[in-house]
Amino acid sequence: MSERFRGVLERMTRIGGVRGALVVTADDGLVVADALMEGIRGNAVAALAANLMKRFNRVSNAATVGGLRFLHLQADGGTLIIVPAPTGVLVVTIGGPEMNVGLARLEMLRAIEVVE
Amino acid sequence: MSETRVVEAWTQKPLEDFVTETGARLTLIMTPAGQVLAQYGFTRAVDVMAAAALGAAIFSSTMEIARLLREREFEALSHQGARHGVFLGSFETRRGRLLALVVYGSDATLGLVQLFFEELVAGLAAASPEHVERRPVLAADFERELNQSLSSLFGR
Amino acid sequence: MVDDIEVMTAELVANPGSLIFLELGETLRRRGQLESAVRVALTGLEHYPSLLDAHDLYARILSDVGDHQRARQVWTQVLHGNRRHLGALKGLAFLCFWSGDADGALDHLETALAVNPADQSIVQALQTVRAMEPHSMADAPTPSAEPVFAGLDGAERGILLVDDRGRVLGGRLEGAEGADVSEHAAAYLAGAAQEATRTARMLDMGAWHWVVAESEAGNIHASAPAAGSLLLIVRDRGVPAGRLTMLAERAGHTARKWLDGQQL
C-alpha cells in the first residue's frame with residue numbers, strides 16, 4: 001500500500017469505534033487502499049459505499065442542493081461515513097454504532113488532502 | 001424488462017438474484033467451450049452465439065497468458081467502456097468449470113458486479129448437480145443440441 | 001436507417017427464425033411503416049409464441065394503429081407472464097392516460113419506476129401525467145400538498161413523506177428556484193433507501209436508521225419513520241446535522257401519527 005495512504009488510514013483506525021478505513025474509486029467501487037480489522041470485507045464496503053453515494057447524489061441533485069460532500073449512514077449495529085475527494089476517489093470509514101463520527105470526519109477531511 | 005432464460009434449471013435462481021442485485025444488462029452462464037447454460041437480456045440468438053464464442057475465446061487466451069506467467073489461472077477480467085463495462089469470471093461447480101460473461105451499464109459498478117459475482121458463484125456451486133460424464137458429441141448431435149439450447153434460451 | 005432495414009430484412013429472409021425480427025419490427029414501427037411492422041411481428045410470434053418481448057412489440061404496433069383494446073389485452077397478457085415487464089407497464093400507462101384514466105396511468109408508471117428507479121423517461125412521464133390531469137381534479141388536494149407536517153419548521157417546502165415505491169404521501173419539497181421537486185426527489189429516494197437497506201444488511205450493520213448527507217447547497221436527512229414509508233428533510237447549509245436529526249425525529253413522530261390515521 002502506498003505510504004501516503006498508509007499513514008492516514010492507520011490514523012483513522014485508531015479512532016474509537018472505527019473498524020476499517022478505505023480509499024475507494026468512486027466510479028468503480030474498487031479498493032485503492034485499506035486498513036481493516038478482522039471480519040470487515042473491504043471489497044464489499046468499497047462496492048456498496050460507492051453505490052450508496054451514487055444513489056444519494058441523485059436524491060440531492062433532484063432536491064437541487066447539488067452533489068454530496070459528506071454522507072453518514074447510521075444503522076442498528078454500525079456506522080458508515082463516506083467523503084468524496086475531487087480526484088474521483090472516496091474515503092470511507094466503517095465502524096460500530098458508538099463510532100466517534102466527529103473525530104472520524106476530521107481525519108477523513110485530512111485524508112482528502114493527502115489523496116488529492 | 002427481459003427475462004432470464006435457462007437451458008439447465010438449477011442456474012435460474014442464482015442468475016435472477018445476480019441480475020436483480022447488479023442491474024446487469026446482459027449475462028451469460030456458459031462452459032469454457034462456449035456452451036450456454038443460461039442467459040439474461042439477449043434478444044437475438046446470433047448475439048448469444050457470438051458473445052459465447054468470444055467469451056470462451058477470451059478465457060482461453062487469458063489461460064494461455066496465465067500459463068506463460070506460471071500462474072494457475074486468472075479468475076476474472078474486465079473491460080470498461082464509455083457507457084458499458086464487461087466482466088468475465090470463471091469458477092468451479094460440480095457441473096465443471098463455468099464462465100460468467102456480464103455486461104453492465106452506468107447504474108452498476110465493477111465493484112458491485114464483482115461483489116455479487118461471488119454470491120452468484122456460491123449460489124451456482126450450491127445448486128449445481130453432480131458432474132455427468134458426457135458422451136462424445138457427434139456432428140449431427142451437436143446441431144440438434146445447439147438448436148435445442150437456443151430454443152430453451154429464447155422460450156421457443 | 002434505410003440501410004439498417006435492408007440489412008435486417010436480408011437477415012430475416014436468410015434466417016426466418018432469427019430474433020432480428022424484434023429490432024426490425026420496432027424500426028419499421030418508429031418509421032410509421034405499420035403494415036410491414038405488423039407482418040414482421042406476427043411472423044416472429046409464429047416462431048416464438050411465448051417470447052414476451054415479441055408480444056410487447058405487437059402491442060406497441062396495435063397501439064400505433066389505434067387498436068387500443070387489443071393492445072391492452074396483449075400487454076395485460078405480457079404482465080401475466082412477467083409482472084415487471086417495463087414495456088407492458090409503460091404501454092398500459094399510455095393507454096390509461098389516453099383514455100383519461102390518470103389514476104391507472106399513475107399506478108402503472110409507479111410500478112415501472114419501482115422496477116427501474118433510474119429510468120428518467122418514467123419520471124418524466126409521471127410528471128407529464130400529473131401536470132395534465134383534468135381540471136375537475138384540480139380542487140382535490142394533490143398528495144404533495146397534504147398538510148401532514150403543518151406547524152413544523154419548513155413544512156411547506158422542505159419535508160417530504162414518501163412510500164417505499166417512490167410515491168409522494170405528503171409534505172412538499174421545493175427546489176432552489178421555488179419549483180416543486182417533490183416527485184422527482186421521491187422517485188430517487190426510494191432507490192437510495194433500498195441501497196441503504198442493502199448496504200446495512202450486507203455489511204452486517206443491522207437495520208439502518210437514517211442517512212445524513214451534506215452537499216454544496218444544503219443538508220439532507222433520510223429515514224424510514226414507519227414500515228413502507230420514507231421521510232426526506234432538506235435544509236440549507238446553515239442547519240447543522242445534529243439539528244437536522246432532531247427535526248427528523250419530530251417529523252417522523254408526526255408522520256407515524258398521520259400514517260396510523262390513514263389506516264383506520
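We name chains A, B, ... by the order of the sequence lines, and we start the count at 1 in each one.
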Is a donor on one side and an acceptor on the other found under 3.5 Å between the side chain of C/Thr245 and the backbone of C/Ala241?
yes
Give the C-alpha distance, both sets of side-chain angles, the deciding distance and a yes or no for side chain to side chain donor-acceptor pair (under 3.5 Å) between A/Gln74 and A/His72.
CA-CA 6 Å; A/Gln74 189 65 48; A/His72 170 187; 2.8 Å; yes
Do you know which of C/Asn219, C/Leu189, C/Thr199 has the most heavy-atom pairs under 4.5 Å to chain A?
C/Thr199
Please classify the contact of C/Ala186 with chain A as side chain, backbone, both or neither, using a heavy-atom distance under 4.5 Å.
neither
Do the side chain of C/Ser182 and the main chain of C/Leu173 share a donor and acceptor less than 3.5 angstrom apart?
yes
Examine whether an atom of A/Leu80 lies under 4.5 Å from a heavy atom of chain C, and if so say whether it belongs to the side chain, the backbone or both; otherwise answer neither.
both
Geometric class of the C/Tyr188/C/His184 ring pair [parallel <30°, tilted 30-60°, perpendicular >60°]
tilted
Hydrogens and angles aside, do C/Arg165 and C/Thr111 bring a side-chain donor and acceptor to less than 3.5 Å of each other?
yes
Residue, of C/Ala207, C/Gly206, C/Gly175, that accumulates the most heavy atom pairs under 4.5 Å with chain A:
C/Ala207
Counting heavy-atom pairs closer than 4.5 Å to chain A, which one of C/Met202, C/Glu195, C/Glu214, C/Glu177 comes out on top?
C/Glu214
